[in-house]
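Data block below; observations after.
Remember, predicted model here, so these are calculated numbers, not experimental data.
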Amino acid sequence: MEILLTGNTCFVTPAWVEMAFPEDHVLITCARGQPHPPRIRTITLDSKERIGQLVDSYEFDRIVYFSEYLTPHSEQEGELDRLRRVLQANRERPSQLLYLAGPEAVLTPFIGKSVLAQAAEALCRHYAETSRVQIKVLHLPYLYGTDCTGAPVGIAQLLTRPKSGELHFEEQALAPVAALCMEDLSELVLRVFDNWTPEWESLTAPVVFHWNYEQLGEAWKALCPGLTVTYGSDLIREYPPDDGQLRRAYGWFPRYDLLDDLPRFFRQEKQPRRKKWPERLSGFAARHRLLVPVLELLGAWGVSELLVRMTSTQAQFRVVDFRLAFIVLIADVYGLNAGVAAAFLASLSLAAGYWAEGASPLLLFYEPSNWLAFLVYFVVGAVCGYVQLRSAEDLRFAEEEQKLLEERLRFVRQLYQDTLEDKRSFRRQILGRRDSFGKVYAVTKALDAAPAQELPRKIVEVLEDVLENHSAAVYRVDARRHLARRAACSADFAARCPQLLEGTGLGPVLRGIEQDGLWVNRELTPGLPMFGAAVRENGELRALILLHDAAGEQLSLYYQNMFRILCGLAETAMVRAGTKPAAKQEVRV
């Protein structure tokens with residue numbers, strides 16, 4: 001089957017998929033920025049329309065929606081809207097949707113999140129009553145497990161040891177812990193789908209291990225000596241008692257305890273190794289992204305001024321403007337703002353040089369010819385910075401477009417591969433089904449290839465293969481239609497198949513064929529065959545094709561039509577081969 005896992009899929013791992021859906025094709029949707037599980041088909045939901053495209057492309061048979069409420073203290077913004085889009089996309093399809101809701105709707109006393117959680121359940125019930133999708137809601141405790149990278153997720157994520165050596169819970173110390181292992185959930189999901197009924201159901205998974213946060217904190221302190229555990233003042237809320245419904249309906253109950261699973265989430269902090277100076281320098285640059293460009297700008301300005309001072313007395317360097325080169329380099333590397341800042345620094349140093357040569361500020365201001373150098377500096381800095389900025393924007397836009405095209409290409413390639421796989425599967429089904437056009441073609445080809453003397457035996461083989469009936473026989477009829485002699489029959493039925501048909505055994509069959517074109521023993525008269533059809537040549541009756549016995553499920557109009565079609569093919573083959581009904585000897589299968 002085609003399975004879709006969507007919603008809060010951070011819990012899904014390849015091992016969980018293998019346990020819950022061992023023989024199905026599974027597709028997982030991930031939010032932007034969420035790591036993709038390895039070895040599983042994943043799609044990033046980068047737009048609201050993507051879920052509709054996925055449903056139209058894959059036509060999922062089963063859908064599992066993981067609620068955001070399965071993670072404690074998580075952000076539930078947009079939960080109802082995402083759930084509604086999934087339901088709306090599948091409303092015209094007879095699919096099965098399992099909504100894995102968190103505990104918020106069943107915890108008492110109710111709070112604001114309880115109203116939102118109950119609204120999600122009401123939304124599911126509305127679509128179950130007004131659309132073709134079949135929906136069941138499972139209220140679960142907070143899940144815990146690991147994500148695709150092995151990091152704890154769900155309620156286990158709260159147990160990550162902080163660097164300060166302090167673990168803080170928002171709940172009070174005596175608040176009960178509601179937790180369910182992902183391994184238990186995989187077994188529950190498998191059993192629910194294996195015993196699926198179309199009726200709406202809202203079920204609640206029980207909590208059988210009764211612990212509070214104080215006991216959880218003490219167990220974690222035993223693993224981390226010196227750890228300080230603090231508790232908050234959130235309202236104490238109770239999980240409902242076990243009603244036994246899941247145990248009676250699916251034979252399921254939780255087996256894994258969070259306190260017993262704590263050691264596998266424990267990660268002893270390693271002593272950080274001493275970094276070398278290149279690593280420390282690169283880390284400093286990564287942490288201070290604004291300070292590094294400023295230092296480089298000032299350093300380049302200082303180098304340019306040093307070069308100006310060192311080459312001021314040499315004639316060959318008077319044609320080289322180091323300040324202008326400084327502006328161009330900074331603008332080309334850092335963009336418009338840095339280019340203007342470099343022009344401003346170069347202008348200050350140029351003005352200081354004028355003043356050192358005896359030019360007063362009033363002379364610089366009132367003489368327009370002195371403005372030219374300053375204008376050139378700012379124009380060059382602005383133009384070079386704008387070019388660099390535009391190039392950087394074009395490059396960034398091209399990279400984003402490339403990523404988008406790669407994502408679409410990956411989606412189209414996956415869709416193409418799935419289409420090819422479905423095509424091969426459908427082709428095998430079409431060619432393998434006994435009532436398919438491919439099978440009719442194979443029957444026609446087999447009858448045409450059989451020699452004339454072997455054709456009755458081949459007809460019996462075809463009837464046995466297609467109709468799964470081992471009481472088939474072919475009889476030749478004499479010219480006066482008073483006697484029918486057996487020409488071929490099924491090997492398993494040879495001892496009970498009559499050699500001759502005459503009188504009471506032949507007359508009703510011939511009359512039924514003349515009236516309806518096909519004899520069917522609707523009265524279940526003993527001694528008469530169940531089905532019969534005639535083989536005619538130039539309008540004259542030459543042979544009979546009979547089925548003596550038929551099971552209860554074979555007494556249907558569908559089976560009659562299949563028998564009629566096969567007999568028509570056999571008649572065409574016998575006429576084409578010039579087969580005469582007066583066979584000289586009997587052929588047995």
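- Looking at Tyr250 and Asn195, their side chains never bring a donor and an acceptor atom within 3.5 Å of each other.
- Contact record, Ile513 with Ala534: CG2-CB, 3.8 Å, taken as the closest heavy-atom pair.
- The CG atom of Leu246 lies 9.0 Å from the CD atom of Glu201; values are rounded to the nearest 0.5 Å.
- Under the rule for a salt bridge (charged side-chain N to carboxylate O under 4.0 Å, His left out), Arg62 has no partner lying at least two apart in sequence or in another chain.
- By the ring pair (Phe, Tyr, Trp, His ring centres under 6.0 Å) test, Tyr559 is found to be paired with Phe531, residues two or more places apart in sequence or in another chain being considered.
- Remark: Asp61 engages Met1, Glu2 in a side-chain contact (heavy atoms from CB on, under 4.5 Å) (not counting sequence neighbours).
- A search for salt bridge (charged side-chain N to carboxylate O under 4.0 Å, His left out) contacts involving Asp81 returns Arg84, Arg85, not counting sequence neighbours.
- Checking Ser95 against Gln134 by side-chain atom types alone, no donor-acceptor pair falls below 3.5 Å.
- With hydrogens and angles disregarded, a donor-acceptor distance shorter than 3.5 Å links the side chain of Asn561 to the backbone of Leu557.
- For Glu199, the side-chain contact (heavy atoms from CB on, under 4.5 Å) criterion is met by Thr197, not counting sequence neighbours.
- A cation-pi arrangement is not found for Lys136 relative to Trp200, the charged atom failing to lie both closer than 6.0 Å to the ring centre and inside a 45° cone about the ring normal.
- Trp252 and Asp184 form no side-chain donor-acceptor contact under 3.5 Å, judged by distance and modelled atom types alone.
- With hydrogens and angles ignored, the 3.5 Å screen pairs no side-chain donor or acceptor of Arg485 with any backbone N or O of Leu500.
- Between Leu27 and Ile43 the shortest side-chain heavy-atom distance falls below 4.5 Å.
- Considering only residues two or more places apart in sequence or on other chains, Arg125 meets the salt bridge (charged side-chain N to carboxylate O under 4.0 Å, His left out) condition with Glu129.
- Across all their heavy atoms, Leu100 and Leu70 have their closest contact at O-CD1, 3.6 Å.
- For His126, the side-chain contact (heavy atoms from CB on, under 4.5 Å) test picks out Thr130, with sequence neighbours left out.
- Using a 4.0 Å cut-off between a side-chain N of Lys or Arg and a carboxylate O of Asp or Glu, Glu406 and Lys403 do not qualify as a salt bridge.
- Ion pairing between a basic and an acidic side chain is recognised when a charged N comes within 4.0 Å of a carboxylate O; Glu104 and Lys113 show no such pairing.
- Distance alone, capped at 3.5 Å, is enough to place a donor-acceptor pair between the Asn90 side chain and the Val86 backbone.
- Of the possible donor and acceptor atoms, none in the side chain of Thr6 sits under 3.5 Å from a partner among the backbone N and O of Thr29.
- Looking only at side-chain heavy atoms (C-beta outward), Ser202 and Tyr99 stay at 4.5 Å or farther from each other.
- When side chains are defined from C-beta on, Pro254 counts as touching Pro206, because their heavy atoms get closer than 4.5 Å.
- Applying the ring pair (Phe, Tyr, Trp, His ring centres under 6.0 Å) test to Tyr239 and every residue at least two apart in sequence or in another chain returns nothing.
- Judged by distance alone, the side chains of Asn469 and Ser471 do bring a donor and an acceptor atom under 3.5 Å apart.
- The shortest side-chain heavy-atom distance between Pro529 and Trp519 falls under the 4.5 Å cut-off.
- To the nearest 0.5 Å, atoms CG (Asn8) and OH (Tyr65) are separated by 8.5 Å.
- Between the side chains of Ser131 and Glu92, not a single donor N or O lies within less than 3.5 Å of an accepting N or O.
- With sequence neighbours excluded, the residues forming a side-chain contact (heavy atoms from CB on, under 4.5 Å) with Ala551 are Glu553, Gln554, listed by chain and number.
- Residue pairs meeting the salt bridge (charged side-chain N to carboxylate O under 4.0 Å, His left out) criterion with at least one partner in residues 514-533, sequence neighbours excluded, are Arg481-Glu514, Glu514-Arg536.
- For His548, the ring pair (Phe, Tyr, Trp, His ring centres under 6.0 Å) criterion is met by Phe493, not counting sequence neighbours.
- In this structure, the ring pair (Phe, Tyr, Trp, His ring centres under 6.0 Å) partners of Trp16, at least two apart in sequence or on a different chain, are Phe66.
- In this structure, the side chain of Arg93 does not engage the main chain of Arg132 through any donor-acceptor pair within 3.5 Å.
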